[in-house]
Amino acid sequence: MAAEHDGERGAGEPLSILRGGSPEAARDGARPGPPVIALDVGGSSIKGALVTATARLALVRRVPTPATDEPALVEAVVAAARALAERAAAEGTPAAAIGVAAAGVIDESAGIARQGANLRWRDTDLAGRLEAGLGLPATLLQDARAAARGEAILGAGRGAGSFLSLILGTGVGSAVVVAGRPIQGAHGLAGEIGHLQVDPHGLRCGCGGRGCVETVASAAALARRYLAATGDALRAEAVLERAARGDRVARSLWSDAISALATALAAAVAVVDCDLVVVGGGMAAAGPPLFDQLRSELVARISLAPPPELAPAALGNAAGVLGAAAAALERLDRGDVIRSWRALPAPARGLDGALGADGGRRWNT
Ligand SMILES: [Zn+2]
């Protein structure tokens with residue numbers, strides 16, 4: 001196991017920035033604060049970093065997510081957090097709290113990971129296990145909400161009171177931000193439009209439903225449907241390239257994907273009445289073919305209000321880590337630090353390399 005946790009990369013800030021407090025935060029009106037440990041547990045990797053009081057990411061790490069069973073998964077998360085805690089302590093700047101963003105159905109109030117499509121959660125008391133293992137307060141968030149929180153504070157949602165955050169990758173993740181905060185709902189599923197049914201006669205979805213947005217509009221769905229229709233195993237981005245060259249099957253599948261997204265987004269916009277949708281995830285790299293077509297499909301579906309602005313997410317793969325860090329700071333009652341982040345320039349996208357993004361070459365992230 002130990003070797004798995006040795007995935008530290010060099011793109012984060014050097015450890016030296018952890019020493020001597022945080023003069024920038026002090027300048028912006030926040031008291032200097034200790035770093036927090038922030039993790040983002042996804043289906044393929046666990047990303048982690050120490051996040052300073054000036055929203056810098058130090059000791060960026062990425063290790064594979066164990067796919068075997070729940071104990072191995074929990075152990076990997078605890079070990080990733082412990083490795084960061086030990087490095088911070090060795091520098092004389094011990095971390096004060098842990099924030100964890102995790103994929104799946106997450107009960108944020110209880111700190112429990114209920115279940116996951118790709119992760120073996122089984123009503124897992126992940127926050128409790130981290131607190132027991134490291135002796136630090138731990139806060140658990142659902143990953144789409146964590147990313148929305150990051151974008152709300154430091155990214156494309158900054159300054160918007162309410163917006164929808166959509167993450168298009170292997171799956172379709174989403175969250176709704178109201179008054180600057182992602183809402184959770186009764187079951188931790190508020191704003192989860194990926195599992196809205198858009199075709200009652202459609203394919204079975206991993207959630208148990210049928211014809212969900214995710215079965216039509218995710219990168220995995222595009223690739224799977226193209227394979228079923230043509231026998232050609234292509235990645236989703238290659239399907240779009242074929243669509244651009246006039247391939248009829250690819251064009252039809254892409255059009256179905258945009259239509260499903262627009263239908264679900266229009267419903268969500270009708271509920272929230274927001275004027276911004278922030279679009280992230282690997283598929284956002286498609287650029288104009290995604291944004292222009294989605295915009296025109298939304299115009300066709302929204303009559304009473306102006307259609308929302310569609311904006312690309314600004315933080316890339318750092319959004320979830322930064323959102324998790326904000327939750328950890330909130331647990332420490334350091335709202336002053338979070339408020340100071342709102343005045344900072346957006347972090348450089350260069351972090352994506354260390355956090356596992358693909359520079360737009362691959363959509364399944
Ligand atoms: Zn579904």
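Whatever order the structure lists them in is the order used to number ligands and atoms, beginning at 1.
- With waters left out, the protein N, O or S atoms under 2.8 Å from the Zn ion (ligand 1) add up to 4.
- Using a distance-only test at 3.5 Å, with no hydrogens or angles considered, a donor-acceptor pair links the side chain of Ser218 to the main chain of Glu214.
- Ion pairing of Asp123 with Arg114 is present here, as a side-chain N (NZ or NE/NH1/NH2) and a carboxylate O approach within less than 4.0 Å.
- Atom CZ of Arg295 sits in a crowded spot, with more than 12 heavy atoms from other residues, nucleotides or ligands closer than 6.0 Å.
- Annotation: side chain of Ile302 is in contact with side chain of Pro308 (closest heavy-atom distance under 4.5 Å).
- Judged purely by atom type and a 3.5 angstrom limit, Asp199 uses its side chain to pair as donor or acceptor with the backbone of His201.
- Looking only at distances, no side-chain donor or acceptor of Arg301 sits under 3.5 Å from a matching main-chain atom of Leu265.
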